[in-house]
Amino acid sequence: MQFLRKTRYIRAPLIRFYTNNIMKYLNVAEKNDAAKNIASILSRGRSTRREGFSQYNKIYEFDGQVFGENCKMVMTSVSGHLMNYEFVSTFRNWQSCNPLTLFEAPVIKRCPQDFEKIKKTLEREIRSCQGLIIWTDCDREGENIGFEIIKVCTDIKPQLRVYRAKFSEITAASVFRALNTLGQANKNVSDAVDVRQELDLRTGAAFTRLQTLRYQQVFPAKLANKLISYGSCQFPTLGFVVERYQAIEDFIAEPFWKIKMNHTLKLTTEFLWKRERLFDKNSCEAILDHLKENPLATIESVESKAKSKWRPLPLDTVEMEKTISKKLRINAKDTMKIAEKLYTQGYISYPRTETNIFPKELNLTSLVEQQQNDNQWGPFARRIMTEGGPTPRQGRKSDQAHPPIHPTKYADNLQGNEKRVYEYVVRHFLACVHKDAQGFETVVHADISGEKFTAKGLIILEKNYLDVYVYEHWNGKEINNYERGDTFNPTTLEMVESQTGPPKLLTEADLIALMEKHGIGTDATHADHIDTIKSREYVGLHDIYFVPGNLGMGLVEGYNNIGLEISLAKPTLRADFENDLKLICEGHKDAEVVRREQIARYKAMFQTVAEKMRLIDATLANRLDDRPENVPDEPNVSVGGDDFRPALKCPRCGNDMIIKTKKDGVGKYLTCLGYPDCKNTSWFPNFVKNVEVTDQHCQECGPDCKLLKFTFRPNPFLGEPNPNVLCVGGCDENVNETLDVNLGNRRANNEVAPTRNVASQRAPQTQTPRAVQATTPRVIAAPPQANNQNHLPPPVARSTNSGNRPAANADEDVVCQCDQTAVLLTVRKDGPNKGKQFYKCAQSVCNFFLWDPHDAANAVARPVATTDTVDVQCRCNEKAPIRTVNKEGPNKGRQFYCCPNMQNSCNFFQWIDEPASEENENLNWSFRGKTSRGQGRKTQGTRGKRKCSKCGQEGHTKNRCPN
DNA sequence: GCAAGGTC
């Protein structure tokens with residue numbers, strides 16, 4: 001018995017040791033294949049797999065090392081973007097508003113239904129982790145996806161340590177290097193993507209609705225059921241096709257004449273006339289007559305020189321798309337799909353790259369050696385090694401993220417187009433690291449009565465790269481042997497008539513080249529935009545050539561004709577925008593400024609278009625060969641006049657809350673823009689006549705909480721003015737009770753989701769004070785373990801102390817977002833918080849705010865070992881019972897400890913699966929401090945003095961009731 | 001019923 005008791009007694013500390021001392025990281029990649037391969041590399045093939053909520057995104061577990069310490073690793077993935085911008089529900093209906101209002105309508109960023117399962121997996125897995133490592137692709141979109149993952153995870157665990165792994169290929173060297181050089185996600189890059197997403201949504205929706213709603217009515221016979229979309233990429237793509245077609249349509253052939261001369265001995269040597277061609281027949285005839293009078297040709301000179309055909313540059317995405325489209329006849333969309341798969345399987349490097357220079361550290365020799373045993377190109381790879389090793393030709397472009405596309409692993413088990421694409425990548429790689437082809441060119445200059453002619457011959461000496469690069473050819477051309485001073489009579493000397501030809505229609509390769517040149521779309525989306533304009537019937541395909549349809553032609557002509565300075569179908573608009581995005585990424589331009597400027601720019605164009613719709617009608621009528629119906633210029637829709645200015649942040653979901661008019665047209669209510677996902681609403685009583693959102697915010701509740709101007713009938717606050725400016729953020733219980741405002745609890749983790757009504761979401765890992773303004777201030781958390789000092793500091797919260805105590809102990813500073821020591825102040829205003837202490841920015845520069853966590857009410861109960869199990873006590877010093885979450889949501893089924901006293905609860909709360917480690921304690925009291933305010937719970941302003949719920953006395957030591 | 005960008 002004695003032995004058993006002892007054993008059981010030891011168990012508790014062991015559990016505590018495990019959860020507190022071994023770090024556990026959640027690793028998240030951009031796609032499942034990447035997660036699988038990275039996990040396989042990091043675990044050296046020993047990871048175990050289990051299912052997530054999403055069948056496509058598995059979970060891999062293994063032991064690993066981060067910052068030189070052993071840790072538990074969990075690896076999973078998303079499937080690209082986890083979130084998407086949408087208009088709030090009011091604006092989703094096409095009839096709900098004039099499309100013009102879509103330039104200002106509130107938008108929210110939310111997780112679409114299809115991705116809820118992936119989100120749920122992240123939410124579940126992060127609960128047992130202390131760190132998060134982002135393994136999304138290292139490009140602009142990948143950075144933004146990283147912040148989406150960070151948001152989901154920090155919504156659950158605000159104090160999470162977040163790191164960014166930067167890698168360019170999924171090879172052991174690159175992945176381990178990334179893990180050993182973990183950094184932080186780049187908020188500027190992510191912000192640029194947010195701006196792009198928002199602008200694309202607004203412009204796309206506004207112009208698409210305008211075009212579709214109008215032309216369906218104006219041309220019902222031709223367009224009644226057509227979706228006539230506009231997009232910032234699809235329209236310029238259409239513009240290219242139209243422009244080329246117009247060039248052909250406008251082309252007028254011109255006849256020309258030239259003199260043909262050749263000389264046959266053993267071979268026939270063709271000489272080209274130096275004048276090439278003449279557009280005047282009589283002149284050409286006169287010259288020919290003159291030559292025929294004395295047709296003897298004299299060789300004036302023979303020049304011979306070495307000639308090279310250059311090996312290709314290291315392979316970038318666009319080159320791959322174009323060449324494969326041309327040579328293998330696999331369209332760009334399929335090519336990228338295949339290349340992506342080869343990449344995630346580890347056969348080739350990242351296929352979306354702008355780089356055509358090999359980095360110095362890339363071991364080209366071993367990559368060549370990997371290919372030596374192949375039946376087809378193996379001998380060529382061996383030849384490279386025996387002829388001095390790889391000597392790559394270098395280009396000039398680098399995206400600073402990925403190397404040129406190259407094989408990373410030998411494969412002989414691929415089939416079909418995967419095999420063909422892989423073979424192309426390998427052959428291109430071997431070609432570009434070998435040698436140029438060598439030849440010998442002879443140029444012969446001849447003269448007949450003063451007219452000059454030239455013949456060229458070519459002998460191929462060494463094919464070199466051409467031996468492996470079967471997609472190119474270099475043909476020799478034999479000519480007769482001539483020496484200077486030789487004379488001969490031409491075998492043929494005659495005039496030939498011909499005419500100039502129009503340019504050719506565009507092929508897919510031509511279109512991609514134009515899109516690339518003008519920055520339309522990304523490497524990954526070129527093919528999608530081409531597909532879109534096909535599916536809208538803006539263009540059609542004749543063999544391999546694109547031709548515009550009447551609708552596409554009419555639309556582009558219409559926009560060009562209304563005198564817009566820069567047409568919507570021209571690439572300049574998008575290119576300018578892309579340039580701004582680049583500046584945001586580099587930190588040279590503010591995302592919010594760009595967002596405002598670009599929206600204003602497109603809005604102005606939209607207004608021009610809307611005003612001149614009848615001109616476009618006429619152009620379209622001409623192309624469609626249809627008579628336009630007479631419809632009103634203005635769409636007969638409007639939004640009921642509500643003000644969409646945000647009043648405050650929704651305590652439940654973090655989206656903006658606004659004032660709306662009840663359906664009766666009289667009353668007002670406060671509602672969340674996250675509807676229908678979030679149904680947080682407060683209906684004002686009937687005595688509230690009007691509510692306006694002012695520009696001022698509540699000093700106590702913070703900048704997101706605007707003061708509201710209420711007009712009453714009559715004023716329920718006796719003696720107060722009418723109208724009266726009030727805050728409903730919760731700082732004054734009396735106001736909220738009188739106005740029936742109950743916005744519910746803060747989120748369980750005290751994190752107000754930082755999504756703004758527009759533009760970017762504010763993830764907490766930002767490095768700039770501006771970008772954290774909408775997030776909850778954080779306690780400055782020191783690392784939980786003294787032996788964790790090798791860890792990078794947590795991305796947001798930093799401490800000036802280096803110990804391993806939880807932050808905000810009496811002897812440590814609290815640092816605001818400006819990195820300055822925050823000042824401790826006391827609430828003087830009458831209300832439930834009077835006397836409470838809080839930290840704020842000493843200079844009032846940032847919006848940092850934190851209730852003083854030293855309040856005894858915020859102390860966290862610790863597990864107490866008993867003979868049987870680990871008991872948890874609440875702040876009333878009573879054994880906390882275990883309860884289970886029944887409410888639908890991510891926490892359903894989760895167990896927690898709480899206070900047993902229903903009437904006089906101390907509000908103690910602790911998840912059962914998150915033991916009260918020091919780190920969690922830190923988190924918990926931060927949460928309680930804020931929750932107490934949101935719920936109007938009575939807390940004591942003086943540190944350490946709290947009324948005991950058991951005996952009613954104040955100031956028990958460590959909150960333990962001695963009675 | 002809208003975009004473009006990820007990805008399955």
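Residue numbering restarts at 1 for every chain, and letters A, B, ... go by the order of the sequence lines.
Residues passing the side chain to side chain donor-acceptor pair (under 3.5 Å) test with A:His81 are A:Glu141, A:Glu148, sequence neighbours excluded.
Across the protein-nucleic acid pair, A:Ile118 atom CD1 and B:dT7 atom C1' stand 9 Å apart, rounded to whole Å.
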- Take A:Thr171 and A:Ser174 through the test side chain to side chain donor-acceptor pair (under 3.5 Å) and record every step on the way to the result. CA-CA 5 Å; A:Thr171 57; A:Ser174 191; 4.6 Å; no
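In summary, the aromatic rings of A:Tyr559 and A:Phe235 are positioned with their centroids under 6.0 Å apart.
Considering only heavy atoms from C-beta on, A:Tyr347 stays 4.5 Å or farther from A:Val425 through its side chain.
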- Query: Can you give one letter per nucleotide of nucleotides 1-6 of chain B, 5' to 3': B if a protein heavy atom sits under 4.0 Å from the base, S if only from the sugar-phosphate, - if neither?
  - Reply: BBBBBB
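Screening residues 339-350 of chain A for salt bridge (charged side-chain N to carboxylate O under 4.0 Å, His left out) gives A:Lys31-A:Glu340, A:Glu340-A:Arg352, A:Lys341-A:Glu418 as the qualifying pairs, with residues at least two apart or on separate chains.
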